[in-house]
Amino acid sequence: MIDPHGPDRADPAARAAWLRATLARHAHAYYVLDDPTIPDADYDRLYRELEQIEAADPALATADSPTRRVGAAPLGQFAPVRHSVPMLSLGNGFSDADVIAFDRRVAQALGEDAPEYAAELKFDGLAINLRYEDGLLVEAATRGDGATGENVTANIRTVQAIPLRLHTPNPPKLLDIRGEVLMFKGDFARMNARQREAGAKEFANPRNAAAGNLRQLDSRITAQRTLRFFAYGIGALEGAPMPPSHTALLDWYGELGVAVCAERAAVRGAQGLLAFFRDIGLRRVALPYEIDGVVYKVNQLAQQARMGFVSRAPRFAIAHKFPAQEATTLVQEIGVQVGRTGAITPVARLAAVTVGGVSVTNATLHNEDEVRRKDIRIGDTVIVRRAGDVIPEVVAFVPELRPADAREFVMPASCPVCGSPIVRGEDEAVARCAGGWVKCAAQRKGGLLHFVSRRAMDIEGLGEQLVDQLVERNLINTAADIYRLGFVALAELDRMADKSAQNVLAAIEKSKSTSLARFVYALGIRHVGEATAKALARHFGNLDALLQADEAALLEVADVGPVVARSILEFLNDALNLELIAQLRALGLAWPETAADRIASALQGKTFVLTGTLPNLSRDDAAALIEAAGGKVAGSVSKKTSYVVAGSDAGSKLAKAEALGVTIIDEMQLKRLLEE
Ligand code: 9MJ
């Protein structure tokens with residue numbers, strides 16, 4: 001245990017040595033173990049103290065001092081470095097069959113049934129060789145062509161996950177540690193946010209950011225951007241025994257204070273490899289860094305040596321890649337798409353390209369400002385990304401490939417579907433078609449598709465093609481028309497067998513009994529997503545209470561702020577919307593009364609006035625109970641008042657209630673009403 005206060009300041013050399021060790025220990029805890037030990041401010045204080053000691057006596061500034069992570073002057077260029085042991089790349093596999101074939105080759109070469117493998121992640125960064133002499137980091141080089149790389153020592157010294165001195169009293173004379181420099185997703189997002197604020201160029205993805213920062217000639221800039229490192233290999237080793245296995249090698253690195261990834265396993269046979277692949281595939285999005293696959297290596301180093309190499313890749317290892325999430329392709333045109341709320345989204349029409357195993361021809365550009373910010377033009381070659389289920393998006397253009405005649409996108413003045421003007425409100429990020437669903441078929445289709453979608457009314461079989469045909473043929477204009485569809489109309493549609501028509505009708509019928517939350521969500525009120533719809537249903541309990549709600553009542557709902565409240569009121573103030581709701585109810589749409597419905601209906605439409613001091617309930621509590629049960633609380637008594645709840649010392653309100661003949665009750669009677 002290091003003394004928390006360290007040696008006396010009267011001995012600067014001892015004090016500096018203690019500060020170096022302490023700072024290195026905290027950096028290791030933070031960047032390698034992911035387990036911070038002190039607050040940033042304390043770290044900074046110790047760091048400044050060390051800086052001061054070294055400034056007073058430069059002889060005390062050793063090569064492994066944390067203050068020496070940042071070099072001074074920018075480099076003119078990177079010097080070439082010849083690797084003493086070549087840096088290899090990996091062969092790729094893309095399918096289960098590739099993995100099974102790899103396992104078979106290994107089993108045959110080693111004469112073993114189910115060989116042991118070290119399975120690990122394939123990081124999407126840059127391969128680096130770190131050279132340690134007598135425990136001190138002396139040189140760092142990129143892979144380059146495998147034989148010769150570039151000297152990036154100054155930049156690598158800024159990477160806190162890489163120790164400047166190995167954590168051992170007996171370091172090997174020479175050790176080449178190999179691994180990947182990468183940027184974590186969170187650090188990437190933070191860096192791009194800062195770039196955006198500064199009006200500087202953003203990076204397309206963490207890999208490009210890591211590469212850009214590593215090849216940054218001014219290491220002071222690299223130091224401002226957090227790069228990380230994971231070790232996964234070895235080059236030259238002198239003065240220490242070679243560990244027996246890959247697993248033991250990485251464990252050793254961990255002891256030396258070098259970051260190794262915890263997501264690794266020793267497995268046997270092809271089934272073990274594939275199980276690892278599937279497990280990582282499921283957890284991939286949740287990892288704090290990007291990976292593009294996993295890597296399998298024969299675990300015993302002696303067995304690795306027996307298998308040898310083909311061209312520049314080892315025969316004892318293979319990378320099992322996930323389908324690529326990104327690809328580059330050509331923007332042939334930029335069109336627009338009209339959403340169900342009329343929102344106009346610019347969409348890049350692409351030369352077909354396979355991304356993540358799926359052919360992509362359209363990618364969203366989100367909105368007009370985004371097109372400008374990313375400066376995407378027609379004719380550009382762009383990076384397209386697809387992540388999971390989300391719509392493919394254009395990430396960035398490739399500057400080197402921009403043709404001279406690349407054209408900028410111009411937002412059309414009118415809706416391509418209905419011809420209504422496209423307008424963009426002040427302070428709005430999004431331009432909209434002014435047609436509304438009455439004029440604009442795109443909005444009608446979008447609204448209907450939302451209405452029938454799985455999380456809304458869940459009408460199975462009523463998909464995009466069917467809705468398109470029904471709208472085109474004017475068979476449905478509003479959601480209510482869905483419930484007026486007959487067998488004949490459906491069966492006459494293209495590619496609609498009698499059996500399918502019957503199934504669709506059955507699904508429509510089934511959707512009539514739904515929940516209030518689904519119905520509210522299905523209405524497609526702007527800003528009312530699934531969660532808000534649920535909150536509204538829970539709060540109001542029944543549709544009538546929601547329809548009668550004013551702004552104050554809406555704002556009482558958890559989840560509802562001024563913007564959402566205004567949007568709901570706008571929707572409910574539109575006679576067409578109220579008419580649609582009335583028609584849907586008349587056509588038989590219903591939801592079972594929930595417990596909330598029953599309580600709410602107990603005091604539904606009743607207005608209460610509270611006066612005097614109640615024996616047990618405060619006024620606020622009484623008001624809350626009444627409102628929770630669907631009643632209203634008013635401030636003054638009128639003929640419309642249903643009940644006056646009177647306590648002791650009641651004054652003029654009680655007198656007025658008596659004069660108007662309003663029912664007067666006490667707390668006991670109120671409680672009984674609430675319980676009914
Ligand atoms: C990556 N990129 O994560 C290797 N790699 O091993 C891992 N690369 C490698 N291993 C030998 N995990 C050559 C390259």
Side-chain angles (χ1 to χ4, degrees), residues 83-94 99 102 106 117-130 140-149 159 161-162 175-185 205-211 214 227-237 242-243 245-254 258-267 273 276-277 279-281 283-284 287-301 303-322 324-326:
H83 301 301
S84 57
V85 177
M87 285 184 80
L88 304 169
S89 51
L90 292 168
N92 288 324
F94 297 96
V99 175
F102 165 72
V106 172
Y117 299 99
E120 62 193 17
L121 307 186
K122 181 157 192 317
F123 306 106
D124 204 6
L126 273 96
I128 290 289
N129 185 76
L130 305 174
T142 61
R143 173 159 60 203
D145 63 5
T148 307
V159 179
I162 296 175
L175 171 60
D176 278 344
I177 296 179
R178 287 171 178 182
E180 202 89 349
V181 166
L182 64 160
M183 189 177 268
F184 278 22
K185 292 175 193 168
N205 52 42
R207 192 200 129 78
N208 288 8
L214 205 55
L227 293 176
R228 310 273 180 151
F229 176 81
F230 285 127
Y232 54 65
I234 187 163
L237 172 66
M242 184 67 86
S245 66
H246 189 69
T247 304
L249 174 69
L250 299 196
D251 290 345
W252 184 43
Y253 283 164
V258 178
V260 284
C261 180
E263 300 286 351
R264 55 194 172 102
V267 300
L273 297 177
F276 181 81
F277 179 78
D279 173 52
I280 296 297
R283 293 189 295 113
R284 177 185 188 185
L287 295 172
Y289 38 77
E290 290 195 349
I291 56 174
D292 55 356
V294 299
V295 180
Y296 313 131
K297 295 172 178 168
V298 168
N299 201 13
Q300 299 303 317
L301 301 194
Q303 291 188 329
Q304 286 190 2
R306 272 171 59 198
M307 290 200 63
F309 309 89
V310 274
S311 62
R312 273 190 273 151
R315 286 171 58 190
F316 57 78
I318 191 173
H320 188 181
K321 302 277 281 275
F322 297 127
Q325 302 278 104
E326 286 186 359

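Counting starts at 1 for both ligands and their atoms, in listed order.
For an aromatic pair to be called close, the ring centres must be under 6.0 Å apart, and Phe230 with Tyr289 satisfies this.
Ordered by chain and residue number, the residues placing a heavy atom less than 4.0 Å from ligand 1 are Leu88, Leu90, Glu120, Leu121, Lys122, Phe123, Glu180, Tyr232, Val295, Lys297.
Scored by the side chain to side chain donor-acceptor pair (under 3.5 Å) test, Thr148 finds Arg82 as partners (sequence neighbours excluded). In terms of the side chain to side chain donor-acceptor pair (under 3.5 Å) criterion, Asn208 has no residue partners (sequence neighbours excluded). Not a single side chain to side chain donor-acceptor pair (under 3.5 Å) links Lys321 to another residue, sequence neighbours left out.
With respect to Trp252, the side chain to side chain contact (heavy atoms under 4.5 Å, CB included) criterion is satisfied by exactly one of Val258, Leu175, Thr247: Leu175.
For the 3.5 Å distance criterion, the side chains of Glu120 and His246 qualify, holding a donor opposite an acceptor.
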